[in-house]
*Asks:* 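If you scroll down you'll find the structure; I have some questions about it.
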Amino acid sequence: MITMKPTIDLAAVDRIIAEFGTGTETAIPVLQAVQDHYRYLPSEALEHICATTDITPASIEGIATFFAQFRRKPVGDHIIKICAGTACHVKGSPAIYEALEKHLRIPQGEDTDPDGQFTLQRVACLGCCTLAPAVQIDEVTYGHLRPDAVPRVLADFLEHDADRKAAPPMRFHHPDSRTAEVRIGLGSCCVAGGSEKIRQALEETLTDLQAKVHVKHVSCVGMCHRTPLLEILLPDCPPKLYAKVRPEDVREIITRHFRPRSPFLRLKSSAMQWLERFYTDDGRNAVARYSIDTRDAPVAAFLNAQRRLATEYCGEVGPTDIDEYQRKGGFEALRRCLGLEGGARLQPEDIIDNIERSGLRGRGGAGFPTGRKWGFVRAAEGEEKYIICNGDEGDPGAFMDRMILESYPFRVIEGMLIASLAVDAHEGIFYIRAEYPLAVRRVRAALEACTQAGLVGDNILGSGHDFHIRVMEGAGAFVCGEETALLASLEGRRGTPAFRPPFPAHRGFREKPTLVNNTETLAFVPWILRHGPEAFAEFGTEKSKGTKVFSLAGKTARGGLIEVPMGVPLRQIVEEIGGGVQDGRTFKAVQVGGPSGGCIPAHLGDTPVDYEALTQAGAMMGSGGLVVLDDSDCMVEMTRYFLSFTQRESCGKCTPCRVGTKRMLEMLTRLCEGHGKAGDLERLEHLAKVVKEQSLCGLGKTAPNPVLTTLRYYRDEFEAHLHGRCPSGTCKGLIRYGITEACIGCTKCAQACPADAIAMTPYQPHTIDVEKCTRCDVCRQVCPVDAVKVE
Amino acid sequence: MPQLTIDGKIVEAASGATLLEAAATLGIDIPTLCHCQGVPPRTSCMLCVVKDTRTGRSLPACSALADEGMVVETHSEEIVAARREVLQLLLSEHTGDCEAPCRRTCPASLQIPYMLRLIQQGEVAAAARIAKRDLIIPATLGYVCSAPCEKGCRRHAIDEAVAIQEMHRQVAEACMKEAERSSCASESGMHVAVLGSGAAGLAAAWELRRLGHACVVHEEGLCVGGELWDHKELPVWVLEAEIESIRQAGVIFELNSTRTVDDLLGGGYDAVIIAHGGAQTPQERVFVAKTEHMPVRSVFHGKMAAAEADAFLMGHDNGHAKPFDSRMHRLHREEALLFSENRIAPEALARGRCPEQQQEEAARCLHCDCLRPTSCKLRRYATEYGAKGHVYGDAERLPLDRVRQGAGVLYEPGKCVRCGLCVEITRQEGEPFGLGFTGRGYGIQVAPPLHAGLDAALSKTARRCVEACPTGALAWEGQEENTPP
Ligand SMILES: Cc1cc2nc3c(=O)[nH]c(=O)nc-3n(C[C@H](O)[C@H](O)[C@H](O)COP(=O)(O)O)c2cc1C
Ligand code: SF4
Ligand code: SF4
Ligand code: SF4
Ligand code: SF4
Ligand code: FES
Ligand code: FES
Ligand code: FES
C-alpha cells in the first residue's frame, strides 16, 4: 500500500489538453498522456479534465475503468508485467506470478509491494512468445524464466537500473557498400533476448579493434527462438549467422572475421581474450557453438517451407530505412497506381479489381474478401472516408502484426496509400496495441520519413491525391480489435462493440464510410500490385489464396514468425518448420486462432491452413497464432485458460458473453479443482452453444470455441476430471508432488523451493510437505536425477 | 418497404423499421429489456433474439432492420430456450428478493410488507383487507399459527422479528364487523361442493365464492370449523365471527351431512373439493385440499384446490402458476444491516393495541421485498419463460448494495441488468454527472461517476430513469407497487 499521496500539480494536465484539444475524441490520448505524467490517473486530474474539456464525468470514468492500461491507484517505482499469454501460460507463467507475489511479499488482493517498489501487472501477451515464459520490468524483458530465478532477476534488474538510465543514445553508422556489414536483429524478441547488450558489446569491440564495419539494425529474422541473432556479411563471402549470442561471445565472433588494423591491436586483443579466458575459466568455443549455417538441415527446414510475401526481405532490411525500402521495389506499386512507372494511372476500379482477382481475404480473422470490402467503401456515399489499419492484435500467442509493423512499416503504409486511392479516402489511422511501443515508434519514424519524401500528406508525388496518416495507441482492451469497438475507442468512448449492420464500410469512424483492414492484409497489397494478382493467387487453395503469416510458439523446438502458403497442412508446420515438439514429448494438438479458435488434435494434423477447413475442424484462422501442445498439457486446463482470457476481456455489454463466459469459467475451474459435479459437462456444452449463438460480437460468438472443440476431441479428459483425475498431471487441485527413492540428497530442490516445503536433509532422501507445497514444479525441474514425481 | 415473413405471416414493414417494430404491427410481442422508445438501441440484453431462418442467424430484434425476404421466427422452441438461458444468466447474478423472506415463509403467502406499510400509514381497514384476501381467516390464524414468517423475518438477525402474527390478528379483529371482504366475481353458474369445514374447507369455500362459483360446504359434524376448535387458545368469538363473514359472502354450510362424493357429483354439483383429510381415490371433477397439522398450511391447500377447480370449471390454465421469485441467498450481517438504514431504532416494543404502538411496530419492517414486483420485466419474463434462478448453483452473486438519497430514489445495483437505459437518458438530457458504466466485463457496474452522489447524478432525470429501468434496480422508495402478481 502506498499511503503517501503526491500533491498534484495540474499544470501538466493543462499542457496536455492544450496539445490534444478539448474535443471528446481526444479522451483516450489525453488520459494516456496524463497517466504517462503521473504514472496513474489521479481523481483531481480527471475532474480537471472534465472541467476544461467537452469530456463528461460519466465518459471519463467509463473510459478510465474500461481499459486495462489505466490505473486509478498510484503504482510502485517499477512495473513488472507478467505475460499471461498462451505460450507463456503453457510454459508456466502462473507459477512465476505466484513466485513474484511471494518474493515481494505483496499483500493479498493488492498488486504493489509494501515498499512501493514494484507493481505486478498481468498482460495479455508481451509479443515475445518464443522466450516464454517472459516478464517485462519497465522496458527490460526477461525470458525463459523459472520461479526460482525470480530473486536473481529482480536483483539483476535493480543492479543495472542505474546504468540504463545513464546509457548513451544509440549510435548509427552510415552505410558504405564496400564495407562489411554486421546485422543485429532488433525485433522485440531479439531485444528481449538481449540484443541491446550485444549491440553494446559489438560497438565496444569494433571501437577497440578500429574495424571499419557497418553495423545494421535489421528487422525480425523470423527465428525468434534463437535470439539474439547476429549476422556477418563480408564482401564476396557467404553470410554467416550466429544465434543465441551472448555478450561475452561477441569479441570472439568479431575477431574471427575482422582482423584488427594494427598488429599491436591484434596482439592486444588476443592477449586480452586469452587473459579473460584464463580468469573466467571459460574455455568453450563460442563460435563453433553458436554459428548456424542456412544450409544446416534444421535451418533449411525452418526457412524452406516458407514463402515470404508480407515478410519479404525478412532479416535483410532496416525497418525505418526508406531508401533501402525503395531500392528493393518499395513504393513501386504505389507509383504504378499513380501512373508514374510508365503505364497509365490506374483507375480505382482497376485497383479494386486487382485485389479482387488476387483472392486476398482479410487476415484479421473473419477472412472477408478484401477487394469486395474496398468496393463497398468506394461505393458508399460520402465525401469524407477513412482508412484504419487494425494493429490491435490482442490474441495471446500471436505477434505477426507486431512484427510486420516493427519490421516493414513502409509496406503497410504503402498498402494503406494504395487503398486510399482505391476508396478515395484522405485520412488514415494506425490503431496499434498499447503493448507494442516499439511498433509505435517504428511506424511514427516511417511516417515521418514518408512525409519528408512526399509520399504522405498533401499532393502525394504530385498526383493531386492527399492522404494523411496518424497513429493512435490502444489502451489495453482485446475487444478493441473488433472493428466497431475499435471505432468507439477512436471516437473517445468505451470500447464496446455495436450491432452490425451498419458496417463500418457504410457508417464507421465519425459516422462516415470507413475501411478497416488488418495490418497483414494491407502488407500484402503492394506485393499484389507489383507482381500481379495471378502471382498471388498461385499460392494457396481454392478459396484461401496467397500466404499467411503465423506466429509459431509453444512446445516446438523452433518458434517464431513464419509465412507459409495457404493450404499447407498443420503437421508440416509443426514438424518441419517447428522441428517437432521438444524434449522427446509427443505432439498432442495445435491451438489455432487463439482464444477464439480451437485445438486441433494431432490426428487431424493434415488439416490444411485454409479458412474453411479450419472452421470445419472447429477452430478458426483467427489472427494466426499457432501454439503447439504436447502430451504434458491438460486440455481441460487449456480450455479454462482460454476462457479465462475471453472472460477477462469481455466488454461486458451483452448478457450471453458477460455472464455466460463467467459461468462457463466457473464450471471449468471447478473441474480443474476436482469439484466437478455430475451434469456439468452437459450444462457446459449447452451454455457454450447459447453463448456462441446469442452474443453480440465476435468475441462472445467465438469464446466458446475452445470449449466446444476440446469437448469434441477430448471428452475423456473432461470425464476424468469429473472423477477427480487429471491425466496429464497438470491441474494443481488434482495432483501431488512427491520424491522417490531415487533421491540422492543433493538438496537442490530444498534450496529452490519457494514455499519452503522441502526440508534440507543433505545426503538423505528428501520429502515434500504437501501442505506447504504450492505445486510450482520448480523442484521437479531442478532435480538432477528425476526423483520428483507427480501423481 | 421491405416485405418479409414473421412467424408465417407476411408483413410489409416501414423502411428502416426494426424487426421488433415489424413484429409489433402483427401483434407479435417480443420480450425486451434494454429497449426503450426514444433511446437508441444498445443491443445488450439479447432477450429480443429472433431467428432469421434463411441465414440461420440469431438476430436482436430491437436493432436488426427488417429486410426484404427475411423469414423470421420469434417463438420457436430454440429461440424460447435461448431466451430462457439469457434470463437464467441474468438471474444467476441477480441480488434481490422479489418477495420478502417473511412472505415466502408464510405458507399462505400473506403479503406482509405491504400490509405492514398500510398499518404504518394508519390504513388499518386496507391492511385488514389484504390479510383477509391472503389468509382467509387472519384473526383465527393470529392465534393458532406457529408463525414461521417471523423466523424468516430479516429483522430476526438484527434484533427481533417484527410481530407479524400480532399485526394481522389485530387488524383483522379491528375490522371483524365490517363486511369488507373483497367483492366476488360475477356468478359463473357453477356449483361446487366442499367436504369439510376446517381451515382447508373454509379457505376453499371462500376462494370459490370469490371466483364467482356457488359453494356449499358439507360438514359431518355439528359445527363449522372442524379441527380449528381443538385450539384452546383461540377465543370462540373470533372463529365464529370469521365463519360468519364467509357465510355472509354467500357460502352455504350444511351440517351433519353424510353426502359422499359420488352422491354430490350425481346431485348436480359441477365439482367437489375434498377438504376433510380422509382417504380418497383420484377422480374426474374431484379436487383435494390436503389438511395438515398446521392450520395455515391447510389454508394454503384450500386456496390451491379452489384455484384448480376454478381452472377446470372455466377451462383455462391454472393461472395460479407461481410467479417467478428471485431469492438472495444468505446475507452477510453487513448486508442485512443495509436494510435497517432509515428505519426506526431497533428496540422491541411492548405489543400493545393502541394505534400508535401498532404503527411503530409495523414501522420496524425492513421492507425486504422488491419495490417493483409487478412492473419488473425481468420477473415477468422469468415467469413467462419458466426461467429458474439457481441453475448455476454456487455462482458468484453480486454483493448487496442499496443506494438511496434525499430525492426518494432507491438504487439497488444488484438488480441492475446493465441495460444502459438510465446511462443513455442522463446523457441525452445533459445531466452534469449522470450515471455511467464503470469497469469492464463481468465487473461492469452502473454508478454515478467521480464520487458524485445519486441525487447529483439524477438531478433532473430521476423520473424518466425510474420509468425506463426494466427491473427494480431504480425505484421510488415509499411508492411501492402493491397489486398482487
Ligand atoms: C474480439 C475480436 C478481436 C479482433 N481483433 C482483431 C485484431 O487484433 N486485429 C485485426 O486486424 N482484426 C481483429 N478483429 C477483426 C476485426 O473486427 C476486423 O474484422 C478486421 O480488422 C478487418 O480486417 P480484414 O478484413 O483485413 O481482416 C477482431 C475481431 C474480434 C471480434
Ligand atoms: S459479445 Fe462480449 S465483448 Fe461482445 S458485445 Fe457482448 S459482452 Fe461485449
Ligand atoms: S428486480 Fe425484478 S426480479 Fe429482481 S427482485 Fe425485483 S421484482 Fe424480483
Ligand atoms: S403468522 Fe402464520 S399466517 Fe401469519 S403471516 Fe406468519 S406464517 Fe403467515
Ligand atoms: S439501473 Fe440503469 S442500467 Fe441498470 S437496469 Fe436500471 S436502467 Fe438499466
Ligand atoms: S510473450 Fe508471453 S505469450 Fe506472448
Ligand atoms: S524479433 Fe528477432 S527474430 Fe523475431
Ligand atoms: S438486445 Fe434487444 S432488447 Fe435488449
Side-chain angles (χ1 to χ4, degrees), chain A residues 43 46-47 50 56-68 72 476-477 479 494-502 646-667 670 675 677 680 683 686-687 689-697 700-701, chain B residues 33-34 41-47 49 51 56-60 62-65 67 78 81-93 391-396 417-418 420 423 426-427 430-445 447-452 457:
Chain A
S43 292
L46 298 192
E47 280 157 22
C50 293
T56 63
S59 101
I60 208 156
E61 177 99 47
I63 295 168
T65 55
F66 184 88
F67 294 99
R72 297 298 309 278
V479 72
R494 289 162 59 86
T496 50
F499 179 70
R500 299 176 309 178
T646 29
Q647 193 272 325
R648 208 171 39 243
E649 293 296 336
S650 162
C651 81
K653 183 173 184 179
C654 71
T655 312
C657 172
R658 175 171 62 88
V659 193
T661 52
K662 175 83 177 172
R663 298 293 168 249
M664 285 197 280
L665 179 62
E666 281 168 352
M667 277 191 254
R670 261 204 320 259
H675 304 308
K677 289 195 289 245
D680 267 0
R683 211 167 302 128
H686 169 72
L687 182 54
K689 286 183 184 150
V690 171
V691 174
K692 188 178 168 87
E693 186 70 17
Q694 315 299 344
S695 290
L696 173 62
C697 84
K701 281 186 191 300
Chain B
L33 286 177
C34 69
R42 178 169 138 85
T43 333
S44 68
C45 71
M46 293 293 167
L47 191 62
V49 285
K51 187 141 203 150
R57 278 224 302 160
S58 293
L59 296 173
C62 67
S63 316
L65 299 187
D67 204 359
E78 185 196 345
R83 288 196 192 129
R84 185 181 308 124
E85 196 59 57
V86 165
L87 289 165
Q88 293 186 154
L89 287 172
L90 284 174
L91 292 170
S92 73
E93 58 161 5
V391 279
Y392 298 102
D394 37 9
E396 184 184 313
V417 292
R418 285 38 156 227
V423 174
T426 54
R427 194 193 65 80
E431 281 278 9
F433 284 94
L435 290 169
F437 283 111
T438 61
R440 172 169 91 190
Y442 190 70
I444 186 174
Q445 292 247 13
L450 299 180
H451 314 295

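Quick note on labels: first sequence line is chain A, next is B, and so on, each numbered from 1.
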*Asks:* Please look at B:Arg42 and chain A and tell me whether the side chain, the backbone, both or neither of the residue comes under 4.5 angstrom of a heavy atom of that chain.
*Replies:*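 Contact with chain A involves both backbone and side-chain atoms of B:Arg42.
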*Asks:* Need one label for B:Val86: side chain, backbone, both or neither, based on atoms under 4.5 Å from any heavy atom in chain A.
*Replies:*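 Looking at B:Val86, backbone and side chain both touch chain A.
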*Asks:* Return the option, out of A:Glu61, A:Glu47, A:Met667, with the maximum number of heavy-atom pairs under 4.5 Å with chain B.
*Replies:*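 The candidate making the most pairs under 4.5 Å is A:Glu61.
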*Asks:* What part of B:Ala64 gets within 4.5 angstrom of chain A, counting heavy atoms only: side chain, backbone, both, or neither?
*Replies:*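 B:Ala64 touches chain A through backbone and side-chain heavy atoms alike.
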*Asks:* Go through A:Gln647, A:Arg500, A:His686 and name the one with the most non-hydrogen pairs under 4.5 angstrom from chain B.
*Replies:*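 So the answer, after comparing A:Gln647, A:Arg500, A:His686, is A:His686.
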*Asks:* Can you tell me which portion of B:Val423 sits under 4.5 Å from chain A's heavy atoms? Options are side chain, backbone, both or neither.
*Replies:*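 When you check distances to chain A, no heavy atom of B:Val423 falls under 4.5 Å.
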*Asks:* Looking at NZ of A:Lys701 and OG of B:Ser58, how far apart are the two atoms once the value is rounded to the nearest 0.5 Å?
*Replies:*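 Rounded to the nearest 0.5 Å, the NZ-OG separation comes out at 7.0 Å.
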*Asks:* Which heavy atom of A:Val659 sits nearest a heavy atom of B:Leu89, and at what distance?
*Replies:*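 It is CG1-O, 3.3 Å.
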*Asks:* What part of B:Pro41 is in contact with chain A, defined as an atom under 4.5 angstrom from a non-hydrogen atom: side chain, backbone, both or neither?
*Replies:*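 Interface part for B:Pro41: neither.
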*Asks:* Looking at every non-hydrogen atom in both residues, tell me the closest pair between B:Pro60 and A:Phe499 and how far apart they are.
*Replies:*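 Heavy-atom minimum between the residues: CD-CE1, 3.4 Å.
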*Asks:* Quick check on B:Leu59 against chain A: is it the side chain, the backbone, both or neither that has a heavy atom closer than 4.5 Å?
*Replies:*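 Looking at B:Leu59, just its side chain touches chain A.
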*Asks:* Given heavy-atom pairs under 4.5 angstrom as the criterion, report whether the side chain, backbone, both or neither of A:Ala68 touches chain B.
*Replies:*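 For A:Ala68, the contact with chain B is made by backbone and side chain together.
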*Asks:* Testing the basics here: between A:Thr655 and B:Cys45, what is the closest heavy-atom pair and its distance to 0.1 Å?
*Replies:*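 Distance-wise, the nearest heavy atoms are OG1-O, 2.9 Å.
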*Asks:* Over all heavy atoms of both residues, which pair between B:Arg440 and A:Gly476 is shortest? Give the atoms and the distance, please.
*Replies:*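 Where B:Arg440 meets A:Gly476 most closely, the heavy atoms are NH1-O, 3.2 Å.
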*Asks:* Measure A:Arg683 against the heavy atoms of chain B and call it side chain, backbone, both or neither at under 4.5 Å.
*Replies:*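 For A:Arg683, side-chain heavy atoms alone lie under 4.5 Å from chain B.
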*Asks:* Using 0.5 Å steps for rounding, measure from the CD atom of A:Glu666 to the OH atom of B:Tyr442.
*Replies:*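 Spacing of CD (A:Glu666) from OH (B:Tyr442) equals 6.5 Å.
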*Asks:* When you check the side-chain N and O atoms of A:Arg663 and B:Ser92, is any donor under 3.5 Å from an acceptor?
*Replies:*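 Present: a donor and an acceptor within the cut-off.
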*Asks:* Checking A:Ala498 against chain B: side chain, backbone, both or neither under 4.5 Å from a heavy atom?
*Replies:*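 For A:Ala498, there is no contact with chain B at all, as no heavy atom is under 4.5 Å.
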*Asks:* Rounded to the nearest 0.5 Å, what separates atom OG1 in B:Thr438 from atom CZ in A:Arg494?
*Replies:*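 Here the rounded value is 7.0 Å.
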*Asks:* In sequence, state the C-alpha distance, the side-chain angles, and the governing distance for A:Thr496 and B:Phe437, and then conclude on side chain to side chain contact (heavy atoms under 4.5 Å, CB included).
*Replies:* CA-CA 11 Å; A:Thr496 50; B:Phe437 283 111; over 6 Å; no
*Asks:* How far apart are the closest heavy atoms of A:Arg658 and B:Ile444, and which atoms are they?
*Replies:*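 In this case the closest contact between A:Arg658 and B:Ile444 is CD-CG2, 3.5 Å.
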*Asks:* Tell me the closest heavy-atom pair linking B:Pro449 and A:Pro57, and the distance in Å.
*Replies:*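 Looking at all heavy atoms of both residues, the shortest contact is CB-O, 3.5 Å.
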*Asks:* Looking at A:Thr56, A:Leu687, A:Leu46, which has the largest count of heavy-atom pairs under 4.5 Å with chain B?
*Replies:*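 Top option by heavy-atom pairs under 4.5 Å: A:Leu687.
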*Asks:* Please name the residue in the list B:Lys51, B:Arg57, B:Met46 that meets the side chain to side chain contact (heavy atoms under 4.5 Å, CB included) test with A:Glu693.
*Replies:*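 Running side chain to side chain contact (heavy atoms under 4.5 Å, CB included) over B:Lys51, B:Arg57, B:Met46 with A:Glu693 returns exactly one hit, B:Lys51.
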*Asks:* Under 3.5 Å, is there a donor-acceptor pair between the side chain of A:Thr65 and the main chain of B:Gly439?
*Replies:*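 Yes, the answer is positive, given that a donor and an acceptor are paired below the 3.5 Å cut-off.
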